[in-house]
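Data first, discussion second: the structure below is written as structure tokens.
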Amino acid sequence: MARVLVVDDERGLRITMRQFLLDAGHDADAAMTAREALDLIDRRPYDVVVLDIILPEVNGLSLLAMIRKSCPDTVVIMITGEPTFETAAEAVRSGAFDYLSKPVSSEKLCSCVAKASRIAALQVENRQYRERLEKLVDERSAELRKSERRYRLLAENATDLIFTMNLEFGITYCSPSVTRIRGYTVEEMMSLDPVDNIAPSFLEKVMKVLNDELSMDRDADPTRVRTLELELTNKDGTTAWHEMSLTFLRDDEGKPVEVLGVSRDITRRRQVEEQLRQSQKMEAMGRLAGGVSHDFNNLLSAILGYASLLKSQVGTDSPLFEDIEEIEKAGQRASNLTGQLLAFSRKGIREPEVLSVNDVITDTLRMLRRIIGEDIQLDTSLEEALPAISADRGHIEQILVNLAVNARDAMPEGGELSIRTSRLISDDLPVPIDPELRAPSYVKLEVSDTGGGIAPDVIEHIFEPFFTTKVESRGTGLGLSTVYGIVRQSGGEIRVESDVGKGTRFEVILPASLSQDVTGAARKESTAPAPSSESVLVVEDDDAVRALTVRILEERGYSVLAARNGHEALRVSAEHAGVLHLLLSDVVMPGMSGKELADRLVQSRPDMRVLFMSGYTDDVIASQGVLDDGVMLVPKPFEASELLSAVEKVLGS
């Protein structure tokens with residue numbers, strides 16, 4: 001590692017930067033003043049000096065000139081707490097390798113020092129090399145050959161690609177690592193046409209760098225490094241992103257004559273960065289989707305509830321009956337859209353159970369065959385002894401149906417739909433998982449089709465809500481976004497691979513459950529509640545939902561008291577001399593939450609039962625303590641029958 005000197009009059013910052021460098025493995029010292037720095041430099045050489053631009057007695061630029069005069073091989077990095085374009089330009093003109101602004105992060109400091117130390121090493125080696133040539137051309141030819149072998153050994157064993165090229169972009173040397181990195185042999189790489197070596201879309205960028213260097217004066221810093229990110233085509237036709245560090249070698253007149261480059265494959269790094277950007281975009285969309293659910297569900301509760309009451313009153317022979325049914329259908333479609341948005345945002349209420357993915361697939365096959373039609377062949381391959389997962393059965397079924405519908409639409413003339421399952425261990429995961437969230441094993445559900453595939457400019461948007469390439473009558477654009485939300489809410493990952501004209505494959509990876517005791521798949525059957533005269537206290541801050549709820553309960557025969565918030569409910573309860581059999585309360589209300597209200601009322605009425613209702617998302621309800629075991633909740637929007645069934649169940653428990 002490099003020998004580094006940190007010069008800064010701020011004690012805390014000086015100590016911190018030195019510790020950063022020590023932790024990175026460098027041999028680091030620190031000085032407070034220019035005098036102290038020069039004393040240290042006199043005693044030992046330094047590869048890199050990290051120098052504050054403002055110092056007592058002698059400013060940083062003056063000290064930079066002293067260092068470059070006495071130690072020309074030392075590379076200087078300037079730092080300042082008051083960055084401006086003028087100071088940056090002045091620092092670079094004065095010979096600084098780079099210019100950093102305070103506060104300086106450990107990563108940025110160590111990265112810059114690492115690059116500077118490589119330049120310092122090259123400067124030392126080049127200077128020594130030139131001196132030996134000038135003084136010992138005849139006597140030291142053997143030693144020169146030894147040095148040449150040493151450099152060749154270094155280049156041939158480098159993990160990155162080291163190369164030199166002329167000003168026409170022809171390769172004059174490349175290290176053997178080119179075979180591992182890009183698939184070419186050394187001979188093939190050196191014979192490549194410059195147009196084949198650099199993609200046309202990036203050729204202009206490289207030309208600009210070359211022109212900039214050619215236009216610089218002869219006193220330009222020979223150690224200046226230009227860094228570019230380029231997309232290169234490998235021998236097998238695949239593309240990869242490379243970070244290239246270019247140093248222009250100059251003749252005695254200061255003109256560039258050759259380029260020394262180091263190229264590193266950064267494709268994986270860019271993929272991770274893109275995954276992070278995509279995840280952040282999805283998170284923002286999820287927060288937006290979850291944020292509107294409460295008010296929207298309150299509106300839908302009123303629409304569906306009053307439509308249900310009207311339908312029961314007018315009778316099937318009324319000319320209004322069909323109109324009311326259309327209102328109900330529209331409300332149900334809106335409710336389904338809300339559910340899909342909540343699934344995408346990973347905030348919908350779910351009922352997880354330990355279940356077998358293979359069993360869910362087997363139970364769903366009949367429905368899937370009916371959905372995809374007879375012109376599509378359905379093939380399954382389910383690995384035996386697959387570990388169970390903890391998930392909502394309905395959500396897993398929804399994943400299968402949505403992916404099957406997507407595959408069907410991609411194969412209008414028929415084709416093959418394949419559903420496969422397999423077990424993965426943590427080390428075999430094809431996608432990155434947060435180490436803290438990793439499970440010992442995973443279940444992979446793979447759904448693939450032989451359809452037309454997805455274009456590259458489309459595939460990056462397919463999980464976004466309301467994005468669709470289908471005609472308006474064929475979908476809402478929420479199918480794949482729902483799948484994405486369900487998978488992420490279940491602690492899993494989803495990825496897609498597609499070739500235009502060859503088909504698409506979705507891979508859903510779900511963590512195995514710690515418990516392998518599979519829950520029975522029996523469905524709960526609802527029963528119509530019987531008329532009752534028990535008393536119910538309804539607490540709801542939305543006027544329309546409160547009035548609807550009171551009406552539904554009163555028409556069933558319940559004795560109903562109503563309040564618009566928690567404080568009013570406490571007053572109503574205190575003024576009511578009779579028994580209160582049930583508290584039916586919204587969860588999130590201004591002033592007092594439903595959970596807090598229930599806790600206070602139960603103290604004075606220990607025999608009172610509690611039922612919550614809410615249009616908020618899963619995480620909000622959980623924060624109120626409502627999703628605890630044994631707590632009943634009816635989600636909004638609800639129909640009259642659903643509300644009455646929940647009330648009867650709580651009162652009868």
Side-chain angles (χ1 to χ4, degrees), residues 1-106 108-132 134 219-225 247:
M1 302 303 286
R3 295 186 299 274
V4 186
L5 175 61
V6 177
V7 185
D8 196 301
D9 61 329
E10 294 183 37
R11 182 177 183 275
L13 183 59
R14 183 172 69 252
I15 293 174
T16 299
M17 288 193 293
R18 179 174 181 265
Q19 190 60 49
F20 284 163
L21 296 169
L22 290 173
D23 292 343
H26 296 292
D27 180 7
D29 292 327
M32 183 176 69
T33 65
R35 184 182 300 277
E36 185 179 350
L38 292 173
D39 289 342
L40 289 172
I41 292 172
D42 286 341
R43 290 198 293 268
R44 60 178 302 191
Y46 288 94
D47 302 310
V48 181
V49 174
V50 180
L51 177 58
D52 189 5
I53 202 167
I54 299 177
L55 293 172
E57 299 179 2
V58 178
N59 65 38
L61 293 177
S62 299
L63 181 56
L64 168 62
M66 298 177 190
I67 293 173
R68 287 185 57 79
K69 183 176 181 180
S70 61
C71 304
D73 296 329
T74 299
V75 178
V76 179
I77 301 171
M78 302 298 295
I79 60 172
T80 182
E82 299 179 358
T84 64
F85 176 82
E86 291 74 12
T87 54
E90 180 63 21
V92 172
R93 284 195 299 268
S94 299
F97 164 71
D98 206 344
Y99 180 84
L100 303 178
S101 300
K102 297 180 183 178
V104 182
S105 67
S106 171
K108 190 169 184 180
L109 176 64
C110 293
S111 174
C112 190
V113 168
K115 292 178 181 179
S117 65
R118 289 197 295 270
I119 296 301
L122 284 174
Q123 289 182 169
V124 172
E125 295 289 346
N126 287 336
R127 177 178 53 78
Q128 293 174 349
Y129 186 68
R130 288 195 302 269
E131 290 175 354
R132 283 197 298 269
E134 292 171 357
D219 296 326
D221 187 353
T223 65
R224 175 183 172 90
V225 178
T247 301

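Within a 6.0 Å sphere centred on NZ of Lys102, other residues, nucleotides and ligands contribute more than 12 heavy atoms.
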Legend entry - Pair Met78-Leu64, side-chain contact (heavy atoms from CB on, under 4.5 Å): steps then yes or no: CA-CA 9 Å; Met78 302 298 295; Leu64 168 62; 4.2 Å; yes
Inset, instruction - Show the numbers, then the answer: is there a side-chain contact (heavy atoms from CB on, under 4.5 Å) between Met17 and Ile79? - result: CA-CA 11 Å; Met17 288 193 293; Ile79 60 172; 3.5 Å; yes
Inset, instruction - Assess whether side-chain contact (heavy atoms from CB on, under 4.5 Å) is satisfied between Thr80 and Tyr99, documenting all intermediate values. - result: CA-CA 8 Å; Thr80 182; Tyr99 180 84; 2.8 Å; yes
Inset, instruction - For Leu21 and Val113, run side-chain contact (heavy atoms from CB on, under 4.5 Å): C-alpha distance rounded to whole Å, both residues' side-chain angles, the deciding distance at 0.1 Å, then the answer. - result: CA-CA 8 Å; Leu21 296 169; Val113 168; 3.8 Å; yes
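Side-chain atoms of Val4 and Tyr46, non-hydrogen and from C-beta on, never get closer than 4.5 Å to each other. Between Thr74 and Pro45, every side-chain heavy-atom pair lies at or beyond the 4.5 Å cut-off. At a threshold of 4.5 Å between non-hydrogen side-chain atoms, the residues Lys115 and Ser111 count as touching. In this structure, Ile119 and Gln123 have side chains that are in contact, with non-hydrogen atoms separated by less than 4.5 Å.
Of all non-hydrogen atoms in Leu55 and Met32, the two that sit nearest each other are CD2-O, 3.9 Å. Between Ser105 and Phe20, the shortest heavy-atom contact is C-CE1, 4.2 Å. Taking each heavy atom of Arg43 and Leu40 in turn, the nearest pair found is NH2-CD2, 2.9 Å. Scanning all heavy atoms of the two residues, the minimum distance from Leu63 to Val58 falls at N-CG1, 4.0 Å. Taking each heavy atom of Leu100 and Val104 in turn, the nearest pair found is CD1-CG1, 4.1 Å. Closest approach of Ala37 and Val7 over heavy atoms only: CB-CG2, 3.7 Å.
Going from atom CD of Gln19 over to atom OG of Ser106 covers 10.0 Å, rounded to the nearest 0.5 Å. Taking CG of Asn126 as the reference point, atom OG1 of Thr247 lies at 9.5 Å (rounded to 0.5 Å). Here the CG atom belonging to Asp52 is positioned 10.5 Å from the CG atom belonging to Asn59, to the nearest 0.5 angstrom. The CD1 atom of Ile15 sits 11.5 Å away from the CG atom of Leu22 when rounded to the nearest 0.5 Å. Rounding to the nearest 0.5 angstrom, the gap separating the CG atom in Leu5 from the CD1 atom in Ile67 is 7.0 Å.
Among Val48, Val50, Ile77, the one residue that satisfies the side chain to side chain contact (heavy atoms under 4.5 Å, CB included) test with Cys112 is Ile77.
Taking Glu36 as the reference, nothing meets the salt bridge (charged side-chain N to carboxylate O under 4.0 Å, His left out) condition, with sequence neighbours excluded. For Arg44, the salt bridge (charged side-chain N to carboxylate O under 4.0 Å, His left out) partners are Asp27, Asp29, not counting sequence neighbours. Under the salt bridge (charged side-chain N to carboxylate O under 4.0 Å, His left out) criterion, Arg35 pairs with no residue at all, not counting sequence neighbours. When the side chain to side chain donor-acceptor pair (under 3.5 Å) test is applied to Asp47, no partner is found at least two apart in sequence or on another chain. Among residues two or more places apart in sequence or in another chain, the salt bridge (charged side-chain N to carboxylate O under 4.0 Å, His left out) test is passed with Asp98 by none. With sequence neighbours excluded, no residue forms a side chain to side chain donor-acceptor pair (under 3.5 Å) with Ser101.
Under the 3.5 Å distance criterion, the side-chain polar atoms of Ser117 are matched with a main-chain donor or acceptor of Ala114. With hydrogens and angles ignored, the 3.5 Å screen pairs a side-chain donor or acceptor of Ser70 with a backbone N or O of Met66.
Under the 4.0 Å criterion applied to side-chain N and carboxylate O atoms, Asp9 and Arg14 are not assigned as salt-bridge partners.
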